[in-house]
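Hydrogens, waters and symmetry mates are skipped; everything else that's a heavy atom, side chains included, is used. Only a predicted model underlies this, so the values are computations on that prediction, with no experimental measurement involved.
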Amino acid sequence: MSEQIIYWGLHECGPWNLYLAATSQGLCYTGSDHFEELAAWAQKRCPSHIVIRDDKKLEPYADELTAYLRGRRKYFSLPVDLYGTPFQLSVLHALRGIPYGRTSSYTEIAERIQRRGAVRAVGAAIGANPVLIVIPCHRVIGKNGKLTGYRGGLEMKQHLLRLEGSGTGECGA
């Protein structure tokens with residue numbers, strides 16, 4: 001059996017530094033905090049994988065993110081490689097069904113996966129989303145229409161929702 005590798009890179013885009021990671025199967029992590037968060041995620045979800053920096057391997061993902069953040073892309077076409085429990089994966093797949101420029105509530109996601117009574121668990125699964133932006137958890141808001149937490153920070157969430165509402169973005173020239 002060959003070594004399993006997670007390639008990671010740092011992508012600077014506008015006001016954010018995005019840490020990206022991918023396996024041979026697809027993008028598995030996008031985060032904005034720091035490398036330690038990526039390392040902790042990899043240790044928890046993929047402890048047998050080796051984590052290696054290779055910005056070149058991450059370029060296709062970085063290019064799609066840049067196009068999205070500049071308002072030139074509405075959909076991501078490159079594959080993702082998701083890790084989680086069956087419940088978490090069902091929530092992440094439901095998030096992918098929220099159209100660009102639209103929002104959904106935690107209750108609506110729970111109903112979409114046919115788990116009406118699991119709104120809090122849905123919230124926890126969304127909070128554990130390892131692939132920010134590409135798996136659009138920023139499109140989930142409170143039932144009352146208010147913004148709720150976001151691993152990338154509420155400022156980033158607001159920016160992404162404005163971007164999708166206006167179609168114009170910021171990410172360098």
Side-chain angles (χ1 to χ4, degrees), residues 11-22 26-34 36-38 40-41 44-45 61-172:
H11 179 56
E12 296 179 24
C13 194
W16 296 286
N17 291 325
L18 298 174
Y19 289 88
L20 309 178
L27 187 69
C28 61
Y29 182 89
T30 306
S32 63
D33 284 343
H34 43 74
E36 289 76 20
E37 182 182 298
L38 165 60
W41 173 85
K44 180 178 180 183
R45 290 293 179 187
Y61 302 102
D63 291 347
E64 282 203 0
L65 278 165
T66 296
Y68 166 83
L69 291 167
R70 288 182 176 167
R72 297 181 188 146
R73 171 178 281 280
K74 293 183 179 183
Y75 306 98
F76 295 95
S77 63
L78 293 168
V80 293
D81 186 13
L82 300 175
Y83 296 82
T85 66
F87 179 81
Q88 288 170 329
L89 294 175
S90 72
V91 171
L92 297 177
H93 289 294
L95 294 176
R96 294 191 88 180
I98 304 171
Y100 181 94
R102 300 278 179 92
T103 58
S104 190
S105 71
Y106 295 92
T107 301
E108 290 166 336
I109 297 297
E111 290 171 355
R112 194 170 295 146
I113 65 168
Q114 300 178 354
R115 299 285 301 269
R116 287 190 90 150
V119 175
R120 287 181 190 250
V122 164
I126 290 170
N129 174 16
V131 189
L132 295 182
I133 304 171
V134 176
I135 304 293
C137 57
H138 61 276
R139 296 178 188 155
V140 180
I141 59 174
K143 192 160 62 169
N144 59 5
K146 294 192 180 207
L147 293 187
T148 54
Y150 185 65
R151 187 167 54 86
L154 284 180
E155 182 181 342
M156 179 185 274
K157 184 172 186 164
Q158 290 171 326
H159 174 80
L160 295 172
L161 291 173
R162 278 194 310 270
L163 166 71
E164 292 188 7
S166 68
T168 60
E170 301 170 19
C171 186

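Aromatic ring pairs are classed by plane angle as parallel below 30°, tilted from 30° to 60° and perpendicular above 60°; the pair Y68 and F76 is tilted. Ring geometry for Y75 against Y100 counts as tilted: the plane angle lies between 30° and 60°, on a 0 to 90° scale.
Note: L20 CG to C28 SG = 10.0 Å, rounded to the nearest 0.5 Å. Separation of atoms CG (L154) and OG1 (T148) is listed at 7.5 Å; rounding is to 0.5 Å.
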Assess whether side chain to side chain contact (heavy atoms under 4.5 Å, CB included) is satisfied between L160 and L132, documenting all intermediate values.
CA-CA 11 Å; L160 295 172; L132 295 182; over 6 Å; no
Starting from the C-alpha separation in whole Å, work towards a yes-or-no answer on side chain to side chain contact (heavy atoms under 4.5 Å, CB included) for I109 and V119.
CA-CA 8 Å; I109 297 297; V119 175; over 6 Å; no
Residue pair L89, V91: steps toward the side chain to side chain contact (heavy atoms under 4.5 Å, CB included) verdict:
CA-CA 5 Å; L89 294 175; V91 171; over 6 Å; no
Test side chain to side chain contact (heavy atoms under 4.5 Å, CB included) on E37 and Y29 and set out the steps.
CA-CA 10 Å; E37 182 182 298; Y29 182 89; 2.6 Å; yes
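A donor atom on one side chain and an acceptor atom on the other are not found under 3.5 Å apart for E36 and Y19. Between the side chains of H11 and T30, no donor-acceptor pair is found at a separation under 3.5 Å.
A donor-acceptor pair is defined here as one N or O able to donate and one able to accept, closer than 3.5 Å; such a pair exists between the side chain of K157 and the backbone of V140. In this structure a side-chain-to-backbone donor-acceptor pair under 3.5 Å is missing from R151 to G31.
Enclosure of atom CZ in R115 is not indicated, since only 12 or fewer non-hydrogen atoms of other residues, nucleotides or ligands lie within 6.0 angstrom.
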